[in-house]
Amino acid sequence: MENQSLMTTSSALRRSSSGSLAAYTPKALQVSCRGIATPLQAARSGNPCMAFLVRDHGAEKVEALVKLQLVELNELLNLKRPLTERMIDVIASDIVADFRALNMADVWLVFRRARSGHYGELYESLNTAKVEGWFHEYFNERCSAAEEESIRESDQFKLDTRRVSETLRENEHRIAAGALRIRMEGTPPE
């Protein structure tokens, strides 16, 4: 049943008005995301966020891409109690609705991490709460990493660039020092 669903979803994506969605199938992402290991690398991957994909192709097609990833995850984990087709539908819909700022490289990375045990033991089953919990954890990690990077860049910029207020303060200090010297020595500075 899942293989039939996967084939139907794949066929729908191939019939898409734009062939660009084919770049987000599990096999294509496996190749294009090979070197991605962190949320910042996924963010910088050049893939458009899901909000743009939804705008350009519709929510159903983007959900279909996420479903393909979920079906592949289900097959690769070989669990006693895998996700049902209904669970896959709900999870894909929730991910596209709740995490539109993420891109397909992020989705791929979450599932890759899940396969490797990054989110903990699966105990031979998957459910909606587990999968959506991975996305909440990942999203928080991605936001924190982006925040830290932004602070580092800001600190670097501060070191490289003098502020106008600092320059003005130094000029005022030089003027005041010159005026003090004039009063003490009685001659103007050169």
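Everything numeric here is computed off the predicted structure, so don't read it as measured data.
Taking the side chain as every heavy atom from C-beta outward, Glu72 and Phe111 never approach each other to under 4.5 Å. Using a 4.5 Å heavy-atom threshold, the side chains of Leu65 and Lys61 count as separate. By the 4.5 Å heavy-atom criterion applied to side chains, Ser20 and His57 are counted as neighbours. Contact annotation: the side chain of Ile95 approaches that of Met50 to within less than 4.5 Å [non-hydrogen atoms, C-beta and beyond]. Here the side chains of Leu126 and Leu73 are in contact, with some heavy-atom distance below 4.5 Å.
Residues in residues 28-52 take part in no ring-ring contact (aromatic ring centres under 6.0 Å, His included) pair, two or more places apart or across chains. Residue pairs meeting the side chain to side chain donor-acceptor pair (under 3.5 Å) criterion with at least one member in residues 117-126, sequence neighbours excluded: Ser125-Lys130.
Note: Leu83 CG to Asn74 CG = 4.5 Å, rounded to the nearest 0.5 Å. In this structure, NZ on Lys27 lies 11.5 Å from CG on Leu68, to the nearest 0.5 angstrom. Rounded to the nearest 0.5 angstrom, Cys143 SG and Glu148 CD are separated by 11.5 Å. The line from CZ of Arg174 to CZ of Arg169 is 13.0 Å long, rounded to the nearest 0.5 Å.
Scored by the ring-ring contact (aromatic ring centres under 6.0 Å, His included) test, Phe99 finds Phe135, His136, Phe139 as partners (sequence neighbours excluded). For Ala51, the side-chain contact (heavy atoms from CB on, under 4.5 Å) partners are Cys49, Arg100, not counting sequence neighbours. Applying the side-chain hydrogen bond (donor to acceptor under 3.5 Å, both in side chains) rule to Ser45 yields the partners Asn47; only residues at least two apart in sequence or on another chain are considered. Residues satisfying the salt bridge (charged side-chain N to carboxylate O under 4.0 Å, His left out) criterion with Arg112, sequence neighbours excluded, are absent altogether. In this structure, the side-chain contact (heavy atoms from CB on, under 4.5 Å) partners of Asp98, at least two apart in sequence or on a different chain, are Asp94. Scored by the side-chain hydrogen bond (donor to acceptor under 3.5 Å, both in side chains) test, Arg55 finds no partners at all (sequence neighbours excluded). When the side-chain hydrogen bond (donor to acceptor under 3.5 Å, both in side chains) test is applied to Arg142, the partners found at least two apart in sequence or on another chain are Asp106. Here Arg34 pairs with Val31 under the side-chain contact (heavy atoms from CB on, under 4.5 Å) rule; sequence neighbours left out. Applying the side-chain contact (heavy atoms from CB on, under 4.5 Å) rule to Ser93 yields the partners Glu63; only residues at least two apart in sequence or on another chain are considered. Not counting sequence neighbours, the partners of Glu141 by the side-chain hydrogen bond (donor to acceptor under 3.5 Å, both in side chains) test are Arg113.
Of all non-hydrogen atoms in Leu70 and Ile91, the two that sit nearest each other are CD1-CG2, 3.7 Å. In terms of heavy-atom proximity, Ile36 sits nearest to Ala105 at CD1-CB, 4.0 Å. Nearest heavy atoms, Asn127 versus Ala129: OD1-N, 3.1 Å.
The cluster map of Ile, Leu, Val, Met, Phe, Trp and Tyr, joined by side-chain heavy atoms under 4.5 Å apart, puts Leu40 and Leu29 in different clusters. Following chains of ILVMFWY side-chain contacts shorter than 4.5 Å, one cannot reach Val90 starting from Leu102, and the two form parts of different hydrophobic clusters.
Ser154 places no side-chain N or O within 3.5 Å of a backbone atom of Ser150 that could act as its donor or acceptor partner. With Asn103 contributing its side chain and Pro48 its backbone, the two residues share no donor-acceptor pair below 3.5 Å.
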